[in-house]
Amino acid sequence: MEVDKVVHLPRLSRVAVCGGTHGNELSGVYLVRELLKVEKKVKEKEEEEAEPVSVLMVLSNPRAMQQCRRYVDTDLNRCFTHATLNGPISDMVPYEVIRSRELNAMLGPKGSPEAVDLVCDLHNTTADMGLCLIAYSDCDWICMHIFRHLQRQMPDIPMRYIHFDVSNKESYSLDSVGKHGFAMEIGPQPHGVVRSNIYTAMKFGVQHMLDWVHFFNSGTIFEGGFVDVFTMVRHIDYPRDSETQNITAAIHPQLQDRDFCLLHPGDPLFQTFSGETLRYKGNTPLYPFFINECAYYEKGIALSLARKRRVMIPAIRVQTEQEQQANQQGFASEEE
C-alpha cells in the first residue's frame with residue numbers, strides 16, 4: 001500500500017443502527033427507543049441537507065426484548081450465515097430464524113448491491129472490555145476509520161478493534177448484512193440492567209459514528225494511520241466434570257476484569273472450587289477478552305484469546321459523482 005495514496009470509496013447513503021438483537025442488553029434497547037423518539041426531528045434536519053443520509057433505527061428482537069431475555073428460541077446473532085438465511089422454512093423453525101430473514105429483507109439482502117451501506121449493531125457485555133468495535137474484516141477502511149474517529153473523540157474510554165476472521169458466507173451476526181458493519185460492544189454491564197455511564201458511552205459512540213458518516217459524505221479527507229487489531233485466535237472453556245459436565249472452576253481472581261491484559265504461559269487462569277490454581281498452558285502470550293461473559297456459559301466459553309498486530313490504513317475520501325458513475329459503468333460492462 002502506498003502511504004500517500006488516497007482511496008476513494010462510495011458514499012454511505014443508508015445506515016442502520018440496531019438495538020435489542022439480544023433482548024436483555026439494555027443500553028442498545030433504550031438508546032434505539034430514544035433515537036426513534038427524535039427520528040422525526042432528525043428527518044426534518046436531513047431534508048434541509050443537499051444529500052441526506054438515511055438512518056434506519058431497528059429494534060431487532062422485539063419478542064426477546066418484551067421478556068428481557070437474550071433470545072426466545074435461539075441466538076438471533078448467530079442466524080445470519082448464508083445457510084441459515086437461505087435454508088428451508090417449516091412450522092418448527094425458531095422465531096429468531098424467521099426474524100433474521102425479516103431483518104435480511106429489511107437491511108439486505110446480505111451480499112447484494114441493495115444492502116444498506118453500514119450496519120452498527122449495539123451490544124452489552126458483562127466483561128470489563130470498555131468500548132469495542134467487532135468486525136469480520138481487518139481491511140474494511142470505513143469501519144477502521146470510524147474506530148479511529150471514536151478513539152479521538154472519546155479518549156477517556158478504553159477502546160479496541162476486534163477482528164473475527166470469518167468469511168462472508170459464514171459470518172453469523174446482524175452487522176454482516178450491510179456492505180460495511182460492526183458490533184459496538186460496551187461493558188461491563190449486567191444483562192437485564194441499564195447503567196447510565198455505559199448507556200452514555202454508547203450514545204456518544206453512535207453520535208460520533210453518525211457524525212463521521214456525514215463528514216465522509218461531505219468530502220472530508222481522512223488521513224491514513226495505524227490501528228491496533230485484536231484478531232480472535234480461539235476460545236477457552238471452563239474446566240468441567242467429565243461425567244456431569246458441570247464447571248469445576250471459576251476465572252482466577254488475578255485474571256478477572258483484566259480483559260486485553262497480556263496472558264503469558266503459566267499465568268493463573270482458573271481457580272477450582274476446591275481452591276487450586278490452574279494455569280494457562282498456551283505456548284505464546286495472547287490477549288484475553290470476553291472474560292467470564294455471562295451469556296457465554298451456555299456456549300462453553302470462559303474467555304476468548306486474541307493476537308494483536310498493528311494495521312496500516314490508507315487515507316480515504318468519498319468518491320465523486322463522476323467516479324461513482326464510472327464504477328457503475330464498469331460493473332455493468334463486467335456483467336455483460
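Numbers for residues simply follow the sequence, beginning at 1.
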Colleague: Would you say His191 and Glu293 are linked by a side-chain donor-acceptor pair, where the criterion is simply a distance under 3.5 Å?
Modeller: yes
Colleague: Between CZ of Arg279 and CG of Leu255, what distance do you get to the nearest 0.5 Å?
Modeller: 12.0 Å
Colleague: Should Met202 and Leu26 be counted in the same cluster of Ile, Leu, Val, Met, Phe, Trp and Tyr side chains packed under 4.5 Å apart?
Modeller: yes
Colleague: If the threshold is 4.0 Å, N to carboxylate O, is there a salt bridge linking Arg160 and Asp259?
Modeller: no
Colleague: Between Ser274 and Glu276, is a side chain to side chain donor-acceptor pair (under 3.5 Å) present by the stated rule, with each step listed?
Modeller: CA-CA 6 Å; Ser274 60; Glu276 180 187 357; 5.1 Å; no
Colleague: What I want to check is whether the side chains of Ser173 and Tyr136 have a donor and an acceptor closer together than 3.5 Å.
Modeller: yes
Colleague: Please tell me whether His22 and Asp75 have a donor and an acceptor in their side chains that are separated by less than 3.5 angstrom.
Modeller: yes
Colleague: Tell me the closest heavy-atom pair linking Phe164 and Ile162, and the distance in Å.
Modeller: CE1-CG2, 3.6 Å
Colleague: Are Met209 and Leu118 close enough that some pair of their side-chain heavy atoms sits under 4.5 Å apart?
Modeller: yes
Colleague: Does the ring center of Phe230 lie less than 6.0 Å from the ring center of Phe260?
Modeller: yes
Colleague: Any salt bridge linking Arg99 with Glu96? Criterion: basic side-chain nitrogen under 4.0 Å from a carboxylate oxygen.
Modeller: no
Colleague: Would you say that Tyr161 contacts Phe182 through its side chain, given a criterion of any heavy-atom pair below 4.5 Å between the two side chains?
Modeller: no
Colleague: Do the charged groups of Arg14 and Asp117 touch, with an N to O distance under 4.0 Å?
Modeller: no
Colleague: How close do Phe289 and Ala306 get, heavy atom to heavy atom, and via which atoms?
Modeller: CE2-CB, 3.6 Å
Colleague: Verify the cluster assignment for Met106 and Leu85: are they in a single hydrophobic cluster under the rule of side-chain heavy atoms below 4.5 Å apart?
Modeller: yes
Colleague: Out of Leu131, Leu133, Ile186, Asp228, which residue meets the side chain to side chain contact (heavy atoms under 4.5 Å, CB included) rule with Met159?
Modeller: Leu131
Colleague: Quick one: sort the Trp212 and Phe216 rings into parallel, tilted or perpendicular, breaks at 30° and 60°.
Modeller: parallel
Colleague: Would you please say whether a donor-acceptor pair under 3.5 Å links the side chains of Ser27 and Asn124?
Modeller: yes
Colleague: Could you tell me if the ring centre of Phe215 sits under 6.0 Å from that of Phe222?
Modeller: no
